[in-house]
Amino acid sequence: MSRYSGQVFGTGQLFGRISLRMIRPLLMCFVLCVVYGSSKPTETKKDRVHHEEPLSSLEHDDAKNHDYDHEAFLGQDEAKTFENLSPEESRRRLGIIVGKMDSNEDGLVSEEELKLWIRSAHQKHIHGSVEQQWHDFDLNHDGRISWDEYKNVTYGTYLDPQADAHFDYGHMMARDERRFKVADSNADLLADRAEFAAFLHPEDHEHMRDVVVQETIEDIDKNGDGFIDLKEYIGDMFTTQDQQEGEEPDWVASEREQFSEFRDKNKDGKMDREETLDWILPSGYDNAEAEAKHLVHESDANQDGKLTKEEILDKFDIFVGSQATDFGEALMHHDEF
């Protein structure tokens with residue numbers, strides 16, 4: 001499965017952005033469960049499919065654990081709290097959440113209600129991400145973040161000639177500036193919260209898709225011809241170091257077939273911008289809807305298409321009982337608990 005996560009640094013260091021180059025090892029999406037039903041990626045596999053801002057940064061593999069469902073259901077900023085609670089307290093809190101999901105108060109949670117709950121949790125995560133970083137960049141507290149403010153906080157010390165010569169911070173800054181300008185819908189080089197959200201989470205905004213595609217091609221296109229050929233496509237997921245450590249895993253052969261049969265639609269041996277867009281941001285896919293369907297399928301004991309509170313609590317491990325995650329503890333402070 002693929003993974004997705006932003007890499008965040010402390011104040012005064014590189015942070016506060018979701019760079020496709022930096023998130024490459026953790027791209028996440030549930031739809032590959034369908035596309036690659038016969039393929040079993042190893043830990044060395046990386047993927048770039050976005051499907052909007054992912055519901056979780058974790059791998060979706062119910063054979064190993066339920067971390068993905070855990071974060072998708074609770075939201076990335078709330079999932080870790082349940083790890084620190086006793087099973088009894090976790091079940092009590094889960095019961096309260098179930099009551100909130102049941103918007104029509106009929107005692108049943110429909111797939112639609114579950115989808116809306118997951119989508120709401122995701123939006124809270126996005127909002128929290130923007131708010132968490134806002135004050136670090138809005139240095140003059142004018143309610144806007146200028147490009148200069150962002151640049152100075154993020155890159156100030158790294159543009160010094162004595163900075164790490166092994167990393168091209170100037171190139172990274174140029175990419176950020178390009179993305180900032182695309183997110184800046186009124187072209188005033190000042191980002192309000194909506195524009196800053198588009199900058200931080202470009203895969204979640206239609207008008208940012210071109211820059212997402214451009215960054216992806218730039219990362220993978222090693223020969224600089226503006227396309228992604230088969231060698232570059234495989235090399236992005238299975239590196240030379242991986243190859244030196246042993247034989248190619250089965251999923252590599254499967255990916256070669258995927259490239260030839262589905263990625264390279266015009267059969268010219270490479271992916272252009274349109275084909276790359278269809279790969280990383282496929283249209284017509286709703287992440288929350290897919291996860292809701294999955295959770296109903298896993299939990300609906302009587303197969304009536306809806307979940308009772310008891311059915312959800314019986315599948316406690318799927319919803320909230322997973323192992324350690326990497327996110328906040330907001331639920332510890334919720335008054336309703």
Side-chain angles (χ1 to χ4, degrees), residues 1-5 26-41 45 47-80 82-83 90-91 94-95 97-98 100-103 108-126 203-204 251 254 258 280-327:
M1 292 302 96
S2 52
R3 300 184 177 193
Y4 180 95
S5 177
L26 297 175
L27 289 168
M28 170 53 134
C29 101
F30 173 72
V31 72
L32 294 181
C33 293
V34 178
V35 176
Y36 300 133
S38 61
S39 175
K40 296 184 181 297
K45 182 177 179 182
D47 224 309
R48 289 182 170 270
V49 186
H50 290 284
H51 303 301
E52 304 176 340
E53 173 75 4
L55 301 175
S56 170
S57 67
L58 301 172
E59 183 176 354
H60 196 211
D61 188 349
D62 286 336
K64 297 179 180 178
N65 55 56
H66 301 292
D67 290 357
Y68 180 93
D69 300 317
H70 185 197
E71 290 187 1
F73 177 71
L74 292 174
Q76 295 181 17
D77 300 320
E78 300 183 342
K80 188 176 181 179
F82 273 85
E83 172 206 350
S90 295
R91 288 178 184 275
L94 176 57
I97 289 177
V98 172
K100 293 177 178 293
M101 291 170 56
D102 180 17
S103 57
L108 299 170
V109 175
S110 67
E111 184 179 297
E112 180 67 16
E113 287 172 326
L114 185 52
K115 178 183 73 174
L116 293 176
W117 176 267
I118 293 171
R119 189 171 292 162
S120 174
H122 169 65
Q123 290 303 317
K124 287 179 181 178
H125 165 68
I126 298 296
E203 67 291 327
D204 226 13
W251 64 259
S254 176
Q258 291 289 330
I280 63 172
L281 292 168
S283 61
Y285 183 85
D286 187 327
N287 224 10
E289 180 178 358
E291 179 62 9
K293 288 180 180 296
H294 167 69
L295 290 175
V296 170
H297 174 76
E298 293 292 326
S299 309
D300 185 15
N302 63 6
Q303 299 295 305
D304 67 349
K306 297 183 179 182
L307 301 180
T308 64
K309 180 178 179 179
E310 289 70 25
E311 286 175 324
I312 292 176
L313 292 179
D314 284 344
K315 292 294 183 176
F316 168 82
D317 56 339
I318 291 181
F319 285 91
V320 300
S322 58
Q323 298 298 314
T325 59
D326 300 321
F327 300 93

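Since we're looking at a predicted model, the values are computed, not measured.
Within the model, atoms CD1 of Ile97 and CD1 of Ile312 stand 10.0 Å from one another, a figure rounded to the nearest 0.5 Å. If you take OG on Ser254 and CD on Gln258, they are separated by 5.0 Å, rounding to the nearest 0.5 Å. Distance CD/Glu289 to CD/Glu111: 6.5 Å, rounded to 0.5 Å. Ser120 OG to Lys115 NZ: the interatomic distance, rounded to the nearest 0.5 Å, is 13.5 Å.
The two residues Lys306 and Glu311 come nearest to each other via the heavy atoms O-OE1, 3.2 Å. Between Val296 and Gly305, the shortest heavy-atom distance links the atoms CG1-O, 4.1 Å. A pairwise comparison of heavy atoms in Ala292 and Ile118 identifies N-CD1, 4.0 Å as the closest pair. Here the shortest heavy-atom pairing between Leu114 and Leu295 reads CD2-CB, 3.8 Å.
Looking at Arg119 and Asp286, a side-chain N of the basic residue comes within less than 4.0 Å of a carboxylate O on the acidic one, giving a salt bridge.
For Ser103, the side-chain hydrogen bond (donor to acceptor under 3.5 Å, both in side chains) criterion is met by Glu113, not counting sequence neighbours.
Taking 4.5 Å as the limit, some side-chain heavy atom of Leu307 sits within range of a side-chain heavy atom of Asp300.
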